Colleague: 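Would you mind keeping the following structure in view while I ask a few things?
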Amino acid sequence: MGGVFRSIVVGTDGSPTAAEAVRRATELATICGAKLHVVSAYKPLEALYVSPEVLADAGTYDLVNPEADAQRAAAEAAAGARAAGLQVSTYACPGDAAAAIIDVAEAEGADLIVVGNRGMTGRGRFL
């Protein structure tokens, strides 16, 4: 049975409020039979210098990789939706989170965007 929404985009950064947004988006997608698009944005590193000493011990240290962190956040958020039988796509996008979410929503023709409210205060909260 089809619902009002056919395509839903949800943003995540791995935070508790984002997890709640993903949970709600998953519920809506399940009810409507919609496809879910999970977006996680990251700030790309302009330049990273890693000393030879750190590289020598790379097996004992995790190097900074914001793209991999965003991919992991999106994949973890998508796991529950996939387990619920939903069709899910994940996106790790460089840049601003709001822009990334809007870009994916436009590209996928999304009917709905779901986000958490972490850090939202004042007028920005209602935007």
Side-chain angles (χ1 to χ4, degrees):
M1 173 168 101
V4 175
F5 305 117
R6 294 170 285 116
S7 179
I8 299 172
V9 172
V10 63
T12 186
D13 59 5
S15 69
T17 57
E20 179 63 16
V22 170
R23 187 184 70 74
R24 300 271 177 122
T26 299
E27 287 176 359
L28 286 169
T30 300
I31 291 167
C32 296
K35 181 173 182 180
L36 189 63
H37 304 276
V38 180
V39 180
S40 184
Y42 64 94
K43 293 184 181 181
L45 298 174
E46 296 299 325
L48 177 65
Y49 171 77
V50 180
S51 71
E53 296 80 22
V54 170
L55 287 176
D57 291 334
T60 59
Y61 295 98
D62 287 331
L63 297 178
V64 175
N65 188 339
E67 182 177 8
D69 292 341
Q71 289 171 343
R72 189 175 313 111
E76 288 173 2
R82 285 196 177 107
L86 292 176
Q87 185 179 2
V88 183
S89 297
T90 60
Y91 306 81
C93 303
D96 177 68
I101 291 167
I102 291 168
D103 288 347
V104 170
E106 288 176 346
E108 298 298 337
D111 304 303
L112 178 69
I113 297 174
V114 179
V115 294
N117 67 353
R118 186 176 106 177
M120 300 297 285
T121 60
R123 286 186 286 178
R125 178 177 173 194
F126 297 102
L127 185 64

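Since the model is a prediction, treat every value here as computed from it, not as a measurement.
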Colleague: Could you walk me through whether V39 and C93 satisfy the side chain to side chain contact (heavy atoms under 4.5 Å, CB included) test, starting with their C-alpha distance in whole Å, then the side-chain angles of each, then the deciding distance to 0.1 Å, before giving a yes or no?
Modeller: CA-CA 7 Å; V39 180; C93 303; 4.2 Å; yes

Colleague: With sequence neighbours left out, what residues match A21 under side-chain contact (heavy atoms from CB on, under 4.5 Å)?
Modeller: V10, V114

Colleague: Please go through I102's hydrophobic cluster and name the other residues, only I, L, V, M, F, W, Y counting, with side-chain heavy atoms under 4.5 Å joining them.
Modeller: none

Colleague: Sequence neighbours excluded, which residues qualify as salt bridge (charged side-chain N to carboxylate O under 4.0 Å, His left out) partners of R6?
Modeller: D111

Colleague: With sequence neighbours excluded, tell me which residues meet side-chain hydrogen bond (donor to acceptor under 3.5 Å, both in side chains) with Y91.
Modeller: H37, E108

Colleague: With side chains defined as the heavy atoms from C-beta onward, is the minimum distance between T90 and R82 less than 4.5 Å?
Modeller: yes

Colleague: Among the clusters formed by ILVMFWY side chains lying less than 4.5 Å apart, do I101 and L28 turn up in the same one?
Modeller: no

Colleague: Determine the minimum heavy-atom distance between I113 and A105, stating which atoms define it.
Modeller: CD1-CB, 3.7 Å

Colleague: Who else is in the cluster with Y42 when I, L, V, M, F, W and Y are joined by side-chain contacts under 4.5 Å?
Modeller: none

Colleague: Ignoring hydrogens, what is the shortest heavy-atom contact between D13 and S15? Give both atom names and the distance.
Modeller: OD1-OG, 2.7 Å

Colleague: Should we say atom CD of E20 is surrounded by more than 12 heavy atoms from elsewhere, each under 6.0 Å from it?
Modeller: yes

Colleague: Would you list the pairs meeting ring-ring contact (aromatic ring centres under 6.0 Å, His included) in which at least one residue belongs to residues 9-34, sequence neighbours left out?
Modeller: none

Colleague: Can you list the residues that meet the salt bridge (charged side-chain N to carboxylate O under 4.0 Å, His left out) rule with D96, with sequence neighbours excluded?
Modeller: none

Colleague: Give the minimum heavy-atom separation between A41 and A70, together with the two atoms involved.
Modeller: O-CB, 4.2 Å

Colleague: Establish whether I8 and V22 are linked, either directly or via other cluster members, by ILVMFWY side-chain heavy-atom contacts under 4.5 Å.
Modeller: yes

Colleague: Any donor-acceptor pair under 3.5 Å linking the side chain of S40 with the backbone of T12?
Modeller: yes

Colleague: Show every ring-ring contact (aromatic ring centres under 6.0 Å, His included) that has at least one partner inside residues 95-114, sequence neighbours left out.
Modeller: none

Colleague: For A81, what residues pass the side-chain contact (heavy atoms from CB on, under 4.5 Å) criterion, not counting sequence neighbours?
Modeller: T26, L36, L86, V88

Colleague: List in chain and number order the residues that pass side-chain hydrogen bond (donor to acceptor under 3.5 Å, both in side chains) with E27, two or more places apart in sequence or in another chain; answer none if no residue qualifies.
Modeller: R23

Colleague: Residues two or more places apart in sequence or in another chain: which of them pass side-chain hydrogen bond (donor to acceptor under 3.5 Å, both in side chains) with T30?
Modeller: none

